[in-house]
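Following: one structure in structure tokens, then a few remarks.
Here the structure is a predicted model, which is why all the values come from computation and not from measurement. Numbers for residues simply follow the sequence, beginning at 1.
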Amino acid sequence: MTSGAVRRRPGASPADAAAGPGVSVGRPPRWLVLLSGVVTVAVTVDLLTRGVLERMDLRVSEVVSAWELENSGAYWPVWAVTQLGGRGFILIVLAGLVGYLGWRLRTVVPLVRVLLALVLLTVVVYSFKYGTGRTAPAYPGSFFHRDGASYPSGHVANAVLMWGVARWQVVEYRLAPWLQRTTWVLSVAGPVATGIAMVSLDFHWITDAVVGAAVGILLLGVVHVLDDVVVSRWLGARAGRSSA
């Protein structure tokens, strides 16, 4: 027999405790955030020094370009998969989710989380893109040029971060179990499918996709921390004062 109290596991966040059994809110563990930071730095240094990873990218791109998917009937189905990381598609889904939660629960917390994630994603990813200036595989070879904006993959970073935020909201606010499972699948399989599709169409190098995923994990961890420290605490205090 157990009491009705919910026992939090050591190191669990309040959101994890609120989510209950089943699908978790998907907060990246510290070791994964640290590993993502190491991968981002290591791959970036290797590419800027024209190391072994750049040569791997070139060899893989030669194989992929020989498939000529862009000239086959497979192009549009594969392109559709890339939209799992498309900002427009994900924002449409998040707009519906945030609007529903705001209307049902009278809270702006989900909206603030989405906006925070979107701002961080835009600033960090485009700083990398224009800071490194890496050209895409369609360019003849991998170069660091002022017009390059391939590194890292914004689609993959977007898929990791924004589907992660969607899963977080769905689980924390205890929406339907099927919806929790769906967002769990999208938060895990979405970035993988997006990365494979982008590389298969020769839109991105493999390292673009890998670092895109690493940056997405880093930013998801940052959004969770900022939510703990600022967003939920500040908005919760405001709500308490309003009630009083």
Side-chain angles (χ1 to χ4, degrees), residues 33 35-72 74-91 117-164 187 189-222:
V33 173
L35 178 61
S36 298
V38 171
V39 168
T40 299
V41 172
V43 173
T44 303
V45 170
D46 182 88
L47 292 174
L48 291 175
T49 56
R50 318 307 293 263
V52 64
L53 295 180
E54 184 186 46
R55 294 192 291 275
M56 176 198 71
D57 277 340
L58 289 167
R59 284 196 294 269
V60 171
S61 181
E62 288 176 2
V63 173
V64 168
S65 61
W67 297 346
E68 296 186 342
L69 291 183
E70 68 277 10
N71 298 320
S72 72
Y75 175 82
W76 288 111
V78 177
W79 178 87
V81 174
T82 68
Q83 297 312 295
L84 287 172
R87 181 171 296 191
F89 174 66
I90 297 178
L91 286 181
L118 189 59
V119 169
L120 286 173
L121 179 72
T122 302
V123 171
V124 172
V125 168
Y126 281 95
S127 294
F128 263 99
K129 282 181 177 292
Y130 295 126
T132 59
R134 191 185 194 190
T135 54
Y139 200 87
S142 172
F143 296 98
F144 296 92
H145 188 274
R146 64 181 181 179
D147 294 327
S150 182
Y151 179 82
S153 168
H155 275 64
V156 176
N158 191 52
V160 173
L161 177 59
M162 305 310 285
W163 285 128
S187 70
V192 175
T194 299
I196 292 174
M198 296 295 281
V199 173
S200 296
L201 292 176
D202 219 19
F203 289 170
H204 273 294
W205 311 99
I206 285 183
T207 50
D208 293 349
V210 170
V211 174
V215 168
I217 292 169
L218 280 168
L219 293 179
L220 184 58
V222 169

> Would you call N158 and H155 a side-chain contact if the rule is heavy atoms closer than 4.5 Å?
Replying inline: no

>> Suppose we screen for side-chain contact (heavy atoms from CB on, under 4.5 Å). Which residues come up paired with V119, at least two apart in sequence or across chains?
In response: V123

> About how many Å separate CG of L121 and OH of Y126, when rounded to the nearest 0.5 Å?
Replying inline: 8.5 Å

> Which distance, rounded to the nearest 0.5 Å, do you find between the CG of L91 and the CE of M162?
Replying inline: 5.5 Å

> What residues form a side-chain contact (heavy atoms from CB on, under 4.5 Å) with V81, not counting sequence neighbours?
Replying inline: L84, A193, A197

> Restricting to pairs with a member in residues 194-203, which pass side-chain hydrogen bond (donor to acceptor under 3.5 Å, both in side chains), not counting sequence neighbours?
Replying inline: S61-D202

>> Tell me every residue that passes side-chain contact (heavy atoms from CB on, under 4.5 Å) with Y75, counting only those two or more places apart in sequence or in another chain.
In response: E70, W79, L201, F203

Distance-only donor-acceptor pairs under 3.5 Å for side chains of residues 206-221, two or more places apart:
residue: T207; atom: OG1; partner: D57; partner atom: OD2; Å: 2.4
residue: T207; atom: OG1; partner: R134; partner atom: NH1; Å: 2.8
residue: D208; atom: OD1; partner: R134; partner atom: NH1; Å: 3.1
residue: D208; atom: OD2; partner: S150; partner atom: OG; Å: 2.5
residue: D208; atom: OD2; partner: H204; partner atom: ND1; Å: 3.0
residue: D208; atom: OD2; partner: W205; partner atom: N; Å: 3.1

> Going by the salt bridge (Lys or Arg N to Asp or Glu O under 4.0 Å) test, which pairs reach into residues 123-132, not counting sequence neighbours?
Replying inline: none

>> Tell me every residue that passes side chain to side chain donor-acceptor pair (under 3.5 Å) with R87, counting only those two or more places apart in sequence or in another chain.
In response: T122

> Listed by chain and number, what are the side-chain contact (heavy atoms from CB on, under 4.5 Å) partners of V63, not counting sequence neighbours?
Replying inline: W67

> Among all residues two or more places apart in sequence or in another chain, which pass the side chain to side chain donor-acceptor pair (under 3.5 Å) test with T40?
Replying inline: none

> Is there any salt bridge (Lys or Arg N to Asp or Glu O under 4.0 Å) pair reaching into residues 210-219, and which pairs are they, with sequence neighbours excluded?
Replying inline: none

>> Out of the candidates V41, L48, L47, only one should pair with V45 under the side-chain contact (heavy atoms from CB on, under 4.5 Å) rule; please name it.
In response: V41

>> Can you give me the closest heavy-atom contact between P152 and F128, atom names plus distance?
In response: CD-CB, 3.4 Å

>> Can you give me the closest heavy-atom contact between Y130 and A149, atom names plus distance?
In response: CE2-CB, 4.1 Å

